[in-house]
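Every heavy atom of this structure was used, including side-chain atoms; hydrogens, water molecules and symmetry mates were not.
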Amino acid sequence: MNSEPTPSAEPAAASRAGDWITTPLTADLVRGALDLEHTADGVLPHRLPARARAQCADGQLAMAEAQPSGVRLAFRSRATTIELDTLPTRNVYQGVPPRPDGVYDLLIDGQLTDQASVTGGNTLLIDMATGSRETRPGPVGTLRFTGLPDRPKDVEIWLPHNEITHLVALRTNAPAHPATHPTRRVWLHHGSSISQGSNAASPSTTWPALAAARGGVELVNLGLGGGALLDAFTARAMRDTPADLLSVKIGINLVNTDLMRLRAFTPAVHGFLDTLREGHPTAPLLVVSPLFCPIHEDTPGPAAPDYGSLATGQLRFAATGDPAERAGGKLTLNVIRDELARIVAQRATDDPHLHYLDGRLLYGEADFAELPLPDALHPDAATHRRVGERFAARVFDADGPFAA
């Protein structure tokens, strides 16, 4: 494998140039996206439909939903060499060491076979103190995988979970056909940046991707960094998306944005679940409360960057609320867990397919002592693996709510 910048190329009808076959980047090749936008830079996968995007002017959400966590190209081919031209957009935060380039995972017949990154691309400079953003354009890059087995095989290329990615051109040295429609159940999940992937090592090793692989299901991941806020347009997008299994992980973003009080939280949860049930009246529906996060267990938000921590080379976050404000309805993780458990128990009397999972069973206080959150909010790669394995064991295995 290698990656190298190349001139921009426009998607075209399937054609052969020398030994290369160019295959159009159409919806039947892309899984995990709810919309494909055709732009001057290529095909941009979105994880929220256009109607939902039009109803929110939040730049953070717009950035997160366009980062293709769980989105992958899926096709069948006997190609031994694959090239994919993409235009990534990478975030660089003022005063924070830059992140490594996003990783693309190559899966052959369901097995992680290779990984690579793309050079070039745009840079989005973000100043967290002022909120200012500046985009600096860059060139299209080429991802190349070589030495693949010369036989018919199912190929998946998982796109980076933390980089906006325009798809420009797909080339193979043998015909590529859309993979057959999966017979596996579809799992539609919504959550925060932890569900999107935060500090996971690669897109197929975020905790939802790992759980989906173990559970043998097709993942549609609506983990939205900073955007798990009980938005009605997200609920409607989930309502209208075909799925066999649904889950919503609620809590951390509501606390760290200090968005609402308990009085608004309770009816917002009911409204979100009501909307999901309009489109999926009997599908197994799992409500997951927050993972353990010490700064917000009993201290309200908002969370704020601790710029003093940059001296150590790692930005950390701190809760800035006052625990005494809980009496006035401010939310903490423990307040949210208690209320979610109560809401689910109340609704489950009429909805036998509704279930609750305490997030501390996936990552609790003992786990934090062993695998602390590097920035006090987001888990690392090892924790993603642990959470994914535990979720699969509790939810997909024989006695779980998503058991086959």
Inset, instruction - Might you work through the salt bridge (Lys or Arg N to Asp or Glu O under 4.0 Å) test for R136 and E134, ending with a clear yes or no? - result: CA-CA 7 Å; R136 295 180 179 176; E134 176 190 355; 3.5 Å; yes

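- Between the side chains of D298 and T332, no donor-acceptor pair is found at a separation under 3.5 Å.
- With salt bridges taken as basic N to acidic carboxylate O contacts below 4.0 Å, none links R239 and D274.
- By the 4.0 Å N-to-carboxylate-O rule, R337 lies close enough to E297 to be salt-bridged with it.
- In plain terms, the two heavy atoms of P208 and S195 that are nearest each other are CG-O, 3.3 Å.
- In summary, R151 and D109 engage in a salt bridge, as defined by a charged side-chain N under 4.0 Å from a carboxylate O.
- Here the CD1 atom belonging to I252 is positioned 4.5 Å from the CG atom belonging to L333, to the nearest 0.5 angstrom.
- For the residue pair T282/H353, the side-chain donor-acceptor check at 3.5 Å is not satisfied.
- Rounding to the nearest 0.5 Å places CD1 of I194 at 10.0 Å from OG1 of T383.
- N122 contributes no side-chain N or O that, together with a main-chain N or O of T89, makes up a donor-acceptor pair within less than 3.5 Å.
- Of all the heavy atoms in G102 and S117, the pair that sits closest is O-OG, 2.8 Å.
- Under the 3.5 Å distance criterion, with hydrogens and angles disregarded, a donor-acceptor pair is assigned to the side chains of H384 and S198.
- In the model, E37 has a side-chain atom that pairs as donor or acceptor with a side-chain atom of H46 under 3.5 Å.
- No donor-acceptor pair under 3.5 Å is formed between the side chain of R47 and the backbone N or O of P45.
- Judged by distance alone, with hydrogens and angles left aside, the side-chain atoms of Y104 form no donor-acceptor pair with the main-chain N or O of L84 at under 3.5 Å.
- Panel note: side chain D367, backbone G364; a donor-acceptor pair is recorded below 3.5 Å.
- A salt bridge does not link R394 with E389: none of the charged nitrogens is closer than 4.0 Å to a carboxylate oxygen.
- With P284 as reference, L245 is the one residue of L354, D244, L245 to meet the side chain to side chain contact (heavy atoms under 4.5 Å, CB included) rule.
- Remark: the backbone N or O of P178 is not paired with any side-chain donor or acceptor of D28 at under 3.5 angstrom.
- With hydrogens and angles left out, the side-chain atoms of T206 and Q196 include no donor and acceptor closer than 3.5 Å.
- Defined by atom type and a distance below 3.5 Å, a donor-acceptor pair is missing between the side-chain atoms of Q67 and E163.
- One finds the CG atom of L254 at 11.5 Å from the CG atom of L262 (value rounded to the nearest 0.5 Å).
- In this structure, a donor-acceptor pair under 3.5 Å is absent between the side chains of T172 and W20.
- L219 approaches R72 most closely through the heavy-atom pair O-NH1, 2.8 Å.
- Contact check for L34 versus V220: side-chain heavy atoms found under the 4.5 Å cut-off.
- N173 places a side-chain N or O within 3.5 Å of a backbone atom of T80 that can act as its donor or acceptor partner.
- From F265, atom CZ reaches atom NE2 of H270 across 9.5 Å, with rounding to the nearest 0.5 Å.
- Without hydrogens or angle criteria, D351 side chain to R347 main chain gives no donor-acceptor distance under 3.5 Å.
- The backbone N or O of R263 lies less than 3.5 Å from no partner atom in the side chain of T266, so there is not a single donor-acceptor pair.
- Within the 4.5 Å cutoff, side-chain heavy atoms of L170 are placed close to those of F75.
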Inset, instruction - Report the C-alpha separation of T86 and H166 in whole Å, then their side-chain angles, then the decisive distance to 0.1 Å, and conclude whether the side-chain hydrogen bond (donor to acceptor under 3.5 Å, both in side chains) test is met. - result: CA-CA 5 Å; T86 70; H166 284 82; over 6 Å; no

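- Of the charged side-chain nitrogens involved, at least one lies within less than 4.0 Å of a carboxylate oxygen, so that E218 and R31 count as a salt-bridged pair.
- Within 6.0 Å of the CZ atom in R51, the count of heavy atoms belonging to other residues, nucleotides or ligands does not exceed 12.
- Considering CD1 of I82 and CG of L106, their distance stands at 6.0 Å, rounded to 0.5 Å.
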Inset, instruction - In sequence, state the C-alpha distance, the side-chain angles, and the governing distance for L331 and M260, and then conclude on side chain to side chain contact (heavy atoms under 4.5 Å, CB included). - result: CA-CA 8 Å; L331 298 176; M260 61 177 65; 4.0 Å; yes

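- The residue from L229, L48, D231 that alone fulfils the side chain to side chain contact (heavy atoms under 4.5 Å, CB included) condition with L224 is L48.
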Inset, instruction - Begin with the C-alpha distance, continue with both residues' side-chain angles, and end with the deciding distance and a verdict on side chain to side chain contact (heavy atoms under 4.5 Å, CB included) for M63 and R133. - result: CA-CA 11 Å; M63 178 177 66; R133 300 183 179 207; 3.9 Å; yes

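- At distances below 3.5 Å, at least one donor-acceptor pair connects side-chain atoms of H280 with backbone N or O atoms of M238.
- In this model, a donor atom of one side chain and an acceptor atom of the other lie less than 3.5 Å apart for S202 and D105.
- Less than 6.0 angstrom separates the ring centroid of F396 from the ring centroid of F402.
- Checking S289 against Y356 by side-chain atom types alone, a donor-acceptor pair falls below 3.5 Å.
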Inset, instruction - Determine, step by step, whether V288 and I250 satisfy the side chain to side chain contact (heavy atoms under 4.5 Å, CB included) criterion, reporting the C-alpha distance in whole Å, the side-chain angles of both residues, the deciding distance to 0.1 Å, and the verdict. - result: CA-CA 6 Å; V288 186; I250 300 170; over 6 Å; no

Inset, instruction - For salt bridge (Lys or Arg N to Asp or Glu O under 4.0 Å), just list the numbers for K153 and D150, CA-CA rounded to whole Å, side-chain angles, deciding distance to a tenth of an Å, and then say yes or no. - result: CA-CA 9 Å; K153 53 192 173 294; D150 185 10; over 6 Å; no

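- Across all their heavy atoms, G251 and P290 have their closest contact at CA-CG, 3.7 Å.
- Between F233 and C56, the shortest heavy-atom distance links the atoms CZ-CB, 3.4 Å.
- Between W207 and F391, the ring-plane angle classifies as tilted under the 30° and 60° cut-offs.
- Using a cut-off of 4.0 Å between Lys/Arg side-chain N and Asp/Glu carboxylate O, R214 and D397 are scored as salt-bridged.
- A donor-acceptor contact shorter than 3.5 Å is absent between the side chain of R144 and the backbone of T81.
- No side-chain donor from either of H190 and T234 sits under 3.5 Å from a side-chain acceptor of the other.
- Side-chain atoms of T142 and D85 form a donor-acceptor pair, as typed in the model, at a separation below 3.5 Å.
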Inset, instruction - Output, in order, the C-alpha distance, side-chain angles, deciding distance and verdict of salt bridge (Lys or Arg N to Asp or Glu O under 4.0 Å) for R76 and E156. - result: CA-CA 9 Å; R76 188 161 180 82; E156 291 184 351; over 6 Å; no

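- Heavy-atom contacts from other residues, nucleotides or ligands closer than 6.0 Å to CZ of R385 number 12 or fewer.
- Between the CG atom in L276 and the CG atom in L273 there is a gap of 6.0 Å [rounded to 0.5 Å].
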Inset, instruction - Take L286 and L246 through the test side chain to side chain contact (heavy atoms under 4.5 Å, CB included) and record every step on the way to the result. - result: CA-CA 6 Å; L286 177 66; L246 295 93; over 6 Å; no

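- Between A403 and A398, the shortest heavy-atom contact is CB-O, 3.3 Å.
- Note on D58 versus R53: no salt bridge recorded, every NZ/NE/NH1/NH2 to OD/OE distance being 4.0 Å or above.
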